[in-house]
Number of protein chains: 2
Amino acid sequence: MPDLNDQLGQQGVTLADRVFARLRQAIVEGEIPSGTKISEPELASEYGISRGPLRDAIGRLEACHLVERRPNVGARVVSLTQEDLLELYLLREALEGMAARLAAERMSGRDIDELRKLLKQHQERAELQEGIAYFQTEGDLDFHYRIIKASGNVRLIKLLCDDLYHLMRMYRFQFGMASSRALIAFREHGHIVEAIADRDPEMAELIMRRHIRSSRINVELLFDEKAPKGARATPAIRSASAANGAGAAPPL
Amino acid sequence: MPDLNDQLGQQGVTLADRVFARLRQAIVEGEIPSGTKISEPELASEYGISRGPLRDAIGRLEACHLVERRPNVGARVVSLTQEDLLELYLLREALEGMAARLAAERMSGRDIDELRKLLKQHQERAELQEGIAYFQTEGDLDFHYRIIKASGNVRLIKLLCDDLYHLMRMYRFQFGMASSRALIAFREHGHIVEAIADRDPEMAELIMRRHIRSSRINVELLFDEKAPKGARATPAIRSASAANGAGAAPPL
DNA sequence: TGTCGTCCGATTGTTGACAATATTAGGGTA
DNA sequence: TACCCTAATATTGTCAACAATCGGACGACA
């Protein structure tokens with residue numbers, strides 16, 4: 001599982017960079033639950049740094065919509081709403097459809113082979129775990145991630161990988177994923193690869209869009225049966241290491 | 001011409017907010033040319049503020065891709081490349097196509113009338129100036145802006161209006177706009193409104209996508225004849241008030 | 001003469017203290 | 001008892017100084 005956006009390899013890594021990456025992971029994985037107030041003095045002392053770089057990091061979190069900030073009040077971890085998730089799916093449908101089309105046009109033969117290999121790995125793992133863990137292990141996001149990168153559109157890649165996908169992961173950590181669609185989704189992935197291998201951009205876009213649309217509708221149904229009215233998200237997974245008072249946090 | 005994103009009306013406006021808005025405008029409108037190094041001490045003294053909020057503002061500029069930052073080196077105003085502009089158009093095609101579809105589904109009748117009125121105003125002005133100034137006066141962006149907002153998709157709106165559109169404006173200030181397409185574009189706007197008024201989402205998306213694609217191809221041709229090889233942008237418009245040494249900058 | 005290494009200056013990253021604002025607790029009054 | 005006003009407290013926004021890093025100039029050496 002390659003890191004979603006590896007900022008390794010670049011030269012200088014500042015303090016704010018590290019605390020940003022760390023906070024993002026903590027938020028996405030639910031260690032800091034939705035709606036939590038981000039206290040600057042508290043976090044600063046926990047990480048053993050000053051408020052300067054911390055504020056910088058919080059600013060970046062705000063930029064990718066993981067926290068919301070109000071002047072003179074503070075920042076809170078975003079509260080994920082049903083509507084927001086559906087909007088996210090609509091966006092993904094348009095953007096990843098485009099990515100699939102571009103990938104079919106520009107992806108190298110070697111990368112297509114790599115993609116096939118990835119699916120084969122997923123298949124073995126999926127068979128092993130009887131299809132229940134395809135989403136949880138993020139094999140799904142990994143697949144989508146590769147196609148996005150294969151699009152070659154720098155701005156599209158940044159947008160999806162740096163911003164939207166962390167939000168998607170956050171939703172998955174909170175709500176879990178319906179495993180009923182795992183097998184279907186896996187097959188659809190296969191069809192997408194086929195379309196790309198056939199160099200059929202329109203087909204690749206079509207299937208990708210349908211793929212994401214199906215996911216969205218599945219989520220909609222899930223929401224409707226669980227919470228009839230558009231209710232806020234109540235965290236399902238608990239923080240593993242949120243209650244470890246002071247000390248905490250290995251050095252950056 | 002309403003402000004693209006009015007942060008008026010909200011309560012507390014911090015120093016960083018104001019300097020951010022100001023810097024963004026200066027960059028977009030070419031007052032601070034492409035590729036310029038952003039010197040923190042210099043700007044801080046010019047605006048009469050400390051480096052703290054200034055760094056915050058620069059961070060936000062980086063978030064919307066108006067400046068690029070390297071650790072321990074500094075920030076530079078982005079250099080607009082031909083490839084980047086074409087990527088931008090591809091993104092717009094997907095996103096605004098989606099916006100037009102959603103607008104056709106959800107726009108209120110009253111807002112449609114408003115949109116018609118806007119086009120009528122544009123027509124009068126366009127006739128007055130013989131079609132040459134449709135793009136320059138940003139009537140074009142204004143039209144697109146309304147449809148985006150009418151989509152009702154909060155995330156889509158933020159993405160397009162807060163980030164991508166400032167970049168588009170920056171390109172227009174640098175390269176100017178081909179006025180040859182002004183009349184055509186105006187007519188296409190009319191068709192889009194008709195499709196929306198007909199509550200025909202598919203048609204609205206189709207026309208919007210074609211509209212933006214035509215613009216892109218027009219830009220491509222323009223680039224090809226001007227600079228055969230993918231050359232960097234050389235600023236065409238000069239800063240009006242860049243040379244006013246010290247003093248400068250009315251208070252924030 | 002060209003290249004490498006070192007040093008210096010300047011800029012950025014970071015820190016801690018100060019000022020301004022919002023939240024909350026408490027008391028007074030209708 | 002409920003509501004409003006006031007004051008205390010804590011948090012955020014801002015500032016100025018310190019430390020770390022980078023870019024360029026100068027000079028030594030092949």
Side-chain angles (χ1 to χ4, degrees), chain A residues 7-24 27 32-33 35-63 66-79 245-246 249-252, chain B residues 7-24 27 32-33 35-63 66-79 245-246 249-252:
Chain A
Q7 23 189 342
L8 275 64
Q10 25 185 80
Q11 206 106 9
V13 176
T14 175
L15 246 180
D17 287 331
R18 286 195 284 268
V19 65
F20 165 65
R22 194 135 155 190
L23 270 178
R24 182 175 61 183
I27 290 175
I32 304 177
T36 305
K37 170 90 190 299
I38 302 284
S39 168
E40 293 182 5
E42 187 177 331
L43 272 182
S45 76
E46 179 173 354
Y47 287 156
I49 62 173
S50 175
R51 274 180 53 218
L54 180 65
R55 280 176 65 85
D56 190 332
I58 294 177
R60 297 192 216 178
L61 289 174
E62 186 188 20
L66 287 174
V67 306
E68 285 168 347
R69 209 173 203 175
R70 280 192 329 182
N72 292 311
V73 173
R76 313 190 78 87
V77 178
V78 289
S79 290
L252 295 167
Chain B
Q7 24 191 342
L8 276 63
Q10 27 184 77
Q11 202 105 12
V13 176
T14 174
L15 247 180
D17 287 330
R18 286 194 284 265
V19 66
F20 165 65
R22 193 136 155 192
L23 271 177
R24 184 175 60 184
I27 291 175
I32 304 177
T36 306
K37 172 90 190 299
I38 302 284
S39 168
E40 293 181 5
E42 187 178 329
L43 272 183
S45 77
E46 179 174 353
Y47 286 155
I49 61 173
S50 175
R51 276 180 52 219
L54 180 64
R55 281 175 64 85
D56 190 331
I58 294 178
R60 296 191 217 178
L61 290 174
E62 186 189 20
L66 287 174
V67 306
E68 285 168 349
R69 208 173 204 177
R70 279 193 330 182
N72 292 311
V73 174
R76 312 190 80 87
V77 178
V78 289
S79 290
L252 295 169

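Residue numbering restarts at 1 for every chain, and letters A, B, ... go by the order of the sequence lines. Nothing here was measured: the structure is a model prediction, and the numbers come from that model.
A donor-acceptor contact shorter than 3.5 Å links the side chain of A:Asp17 to the backbone of A:Thr14. Checking side-chain atoms of A:Arg69 against main-chain N and O of A:Ala75 turns up no donor-acceptor pair under 3.5 Å.
Looking at heavy atoms from C-beta onward, B:Val77 lies in side-chain contact with B:Ile38 at the 4.5 angstrom threshold. Counting heavy atoms from C-beta on, the side chains of A:Glu42 and A:Lys37 never come closer than 4.5 Å. Taking the side chain as every heavy atom from C-beta outward, A:Ile32 and A:Leu23 approach each other to under 4.5 Å.
If you take CG of B:Leu54 and C1' of D:dC15, they are 13 Å apart, rounded to a whole angstrom. Atom CG in B:Leu43 sits roughly 12 Å away from atom P in C:dT11 (whole-Å rounding). Rounded to whole Å, atom P of D:dT12 lies 13 Å from atom CD of A:Glu62. For B:Asn72 and C:dT12, the CG to P distance is 10 Å, given to the nearest whole Å. Remark: P of D:dG13 and CD1 of A:Ile58 are 9 Å apart, rounded to the nearest angstrom.
Taking B:Arg70 as the reference, nothing meets the side chain to side chain donor-acceptor pair (under 3.5 Å) condition, with sequence neighbours excluded.
For C:dT12, the OP1/OP2 oxygens have no side-chain nitrogen or oxygen of B:Arg76 closer than 4.0 Å. Remark: B:Lys37 is in phosphate contact with C:dT12, judged by side-chain N or O atoms under 4.0 Å from OP1 or OP2.
Taking OG of B:Ser50 as the start and CG of B:Asp56 as the end, the distance is 11.5 Å to the nearest 0.5 Å. Note: B:Glu62 CD to A:Arg60 CZ = 6.5 Å, rounded to the nearest 0.5 Å. Expressed to the nearest 0.5 Å, how far CG of A:Leu66 lies from CD of A:Glu68 amounts to 10.5 Å.
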Filtered N/O pairs between nucleotides 14-16 of chain C and protein, under 3.5 Å:
unit_1: C:dT14; atom_1: OP1; unit_2: A:Thr14; atom_2: OG1; d: 2.8
unit_1: C:dT14; atom_1: OP1; unit_2: A:Leu15; atom_2: N; d: 2.4
unit_1: C:dT14; atom_1: OP2; unit_2: A:Thr14; atom_2: OG1; d: 2.7
unit_1: C:dT15; atom_1: OP2; unit_2: A:Ser50; atom_2: N; d: 3.0

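Paired runs in DNA chain D that reach 3 or more consecutive Watson-Crick or G-U pairs, where each pair keeps both distances under 3.5 Å, cover C:1-30 with D:1-30.
Both B:Ala75 and A:Val73 lie close to DNA chain C; mapped to their nearest nucleotides by heavy-atom distance, the more 5′-ward contact belongs to B:Ala75.
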